[in-house]
Amino acid sequence: MGGCKEEAEAPPPPFALTREAMGRYCGMNVAEHGGPKGQVILARYIEPIWFSTARDAIAFTMLPDEPKDIRAIYVSDMAKAPSWEKPGAENWIDAKGAYFVLDSRRNSAMGTREAVPFSSEGAAAAFAREHGGHVLRFGDLPRDYILDAAGADSAPPDAPPPGKVD
C-alpha cells in the first residue's frame with residue numbers, strides 16, 4: 001500500500017475582536033474604526049495579528065518579509081455586520097472562502113480603497129450594486145489593488161516589494 005497521506009490540520013477558530021486589538025500596520029485600536037477588519041493567526045503565536053482593514057490582512061500574506069507560518073486568515077463578514085461603522089466582533093469568515101467587492105465607493109477605516117468581504121456571492125453582488133465595484137474571490141484578488149493602498153498608505157514606508165500570494 002502507498003504512503004499515508006497527511007490530513008491537513010483544521011485551522012484554529014477566529015478570535016473575537018476586543019478593545020485591546022491594535023492594528024499591525026497603523027498601530028491604532030482596531031475596534032475604534034468602521035469598515036471590515038482582518039486577523040491572521042500564525043503557528044508561532046497564541047494571539048492573532050490584527051488589521052484595521054481586510055485589505056491589510058490580505059496584503060500581509062503577499063509581503064515577502066512577513067511570516068509565512070499562517071494557520072488562518074479571517075476577515076469581517078460584512079453580510080452579517082450590524083453596520084459599516086460597527087462591523088462586528090465575532091462575524092469572521094475564512095478569507096480564502098470569501099467574496100470580495102473591489103473598487104466600491106466605500107473606503108476602509110484608514111481612508112484607502114478596501115476589499116470588502118462577504119460570506120455569500122449574493123450579498124457581495126448586492127453591495128456592489130449599491131456602492132459600485134465588482135466581486136472577486138480571494139485567489140483572484142489583484143496584487144496591485146491589494147498592495148497599492150497597503151503598501152502606500154498602511155504598511156511601513158520601508159516595506160519590501162510584494163511577494164507571492166499563498
Side-chain angles (χ1 to χ4, degrees), residues 11-42 45-63 65-67 70-120 123-124 126-136 138 141-159 162 165:
F15 286 74
L17 180 63
T18 66
R19 304 292 295 155
E20 292 78 35
M22 301 301 276
R24 167 117 174 161
Y25 297 133
C26 67
M28 298 170 69
N29 186 299
V30 174
E32 291 179 1
H33 305 282
K37 311 295 174 220
Q39 61 176 287
V40 172
I41 302 171
L42 300 176
Y45 299 124
I46 296 171
E47 297 290 322
I49 298 172
W50 292 103
F51 297 90
S52 298
T53 72
R55 189 173 173 170
D56 279 354
I58 298 163
F60 178 90
T61 70
M62 296 179 175
L63 294 169
D65 287 349
E66 294 292 10
I70 296 170
R71 296 201 51 223
I73 309 160
Y74 293 108
V75 289
S76 301
D77 180 359
M78 295 306 284
K80 296 178 180 164
S83 69
W84 186 265
E85 292 72 29
K86 299 201 179 295
E90 298 189 30
N91 51 310
W92 299 100
I93 53 172
D94 182 336
K96 292 183 178 180
Y99 296 86
F100 293 89
V101 177
L102 276 58
D103 293 318
S104 79
R105 291 181 293 276
R106 298 303 305 255
N107 285 332
S108 74
M110 300 293 102
T112 59
R113 296 185 303 168
E114 180 62 282
V116 185
F118 294 88
S119 55
S120 76
F127 180 89
R129 280 191 300 276
E130 183 176 345
H131 301 284
H134 57 281
V135 180
L136 291 174
F138 181 86
L141 295 173
R143 292 177 50 77
D144 59 343
Y145 182 92
I146 297 300
L147 294 174
D148 176 52
D153 300 321
S154 302
D158 58 345
V165 174

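Model, not experiment: these values are computed from the prediction. We're numbering straight along the sequence, starting at 1.
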If you round to the nearest 0.5 Å, how far is CD1 of Ile46 from CZ of Phe15?
8.5 Å
Between Phe100 and Phe138, how do the two ring planes meet: parallel, tilted or perpendicular, split at 30° and 60°?
tilted
If I take atom NZ from residue Lys37 and atom CG from residue Asn91, how far apart are they, to the nearest 0.5 angstrom?
11.5 Å
Under the rule for side-chain contact (heavy atoms from CB on, under 4.5 Å), what residues qualify as partners of Ala124, not counting sequence neighbours?
Tyr99, Val101, Phe118, Val135
What's the spacing between Ile58 CD1 and Leu63 CG if we round to 0.5 Å?
12.0 Å
Partner residues of Asp77 under the side chain to side chain donor-acceptor pair (under 3.5 Å) criterion, sequence neighbours left out
Ser119
Asn107 and Glu114 have their tightest heavy-atom pair at C-CB, 4.5 Å
Taking the side chain as C-beta and beyond, is there a heavy-atom pair between Ile41 and Tyr74 under 4.5 Å?
yes
Looking at every heavy atom in both Leu102 and Pro142, which two are closest together, and how far apart are they?
CD2-CD, 3.6 Å
Compare every heavy atom of Ala98 with every heavy atom of Val75, then report the nearest pair and how far apart it is.
CG2-CB, 4.4 Å
On a heavy-atom basis, which atom in Tyr25 and which in Phe51 lie closest, and how many Å separate them?
CE1-CE2, 3.7 Å
Validation row: Leu42, Ile70 side chains within 4.5 angstrom (heavy atoms)
yes
How far apart are the closest heavy atoms of Gly34 and Ala109, and which atoms are they?
O-CB, 3.0 Å
Between CE on residue Met78 and CZ on residue Phe127, distance to nearest 0.5 Å
7.0 Å
Pairs in or reaching into residues 81-94: which pass salt bridge (Lys or Arg N to Asp or Glu O under 4.0 Å), with residues at least two apart or in two chains?
Glu85-Arg106
How many angstroms lie between atom CZ of Arg113 and atom CG of Asp148, to the nearest 0.5 angstrom?
5.0 Å
Residues Ala123 and Ser120: closest non-hydrogen pair is N-OG, 3.1 Å
Here the gap from Ile146 atom CD1 to Thr61 atom OG1, rounded to the nearest 0.5 Å, amounts to 8.5 Å
Give a yes or no on whether the backbone of Glu130 and the side-chain of Arg105 come within a donor-acceptor separation of less than 3.5 Å.
yes
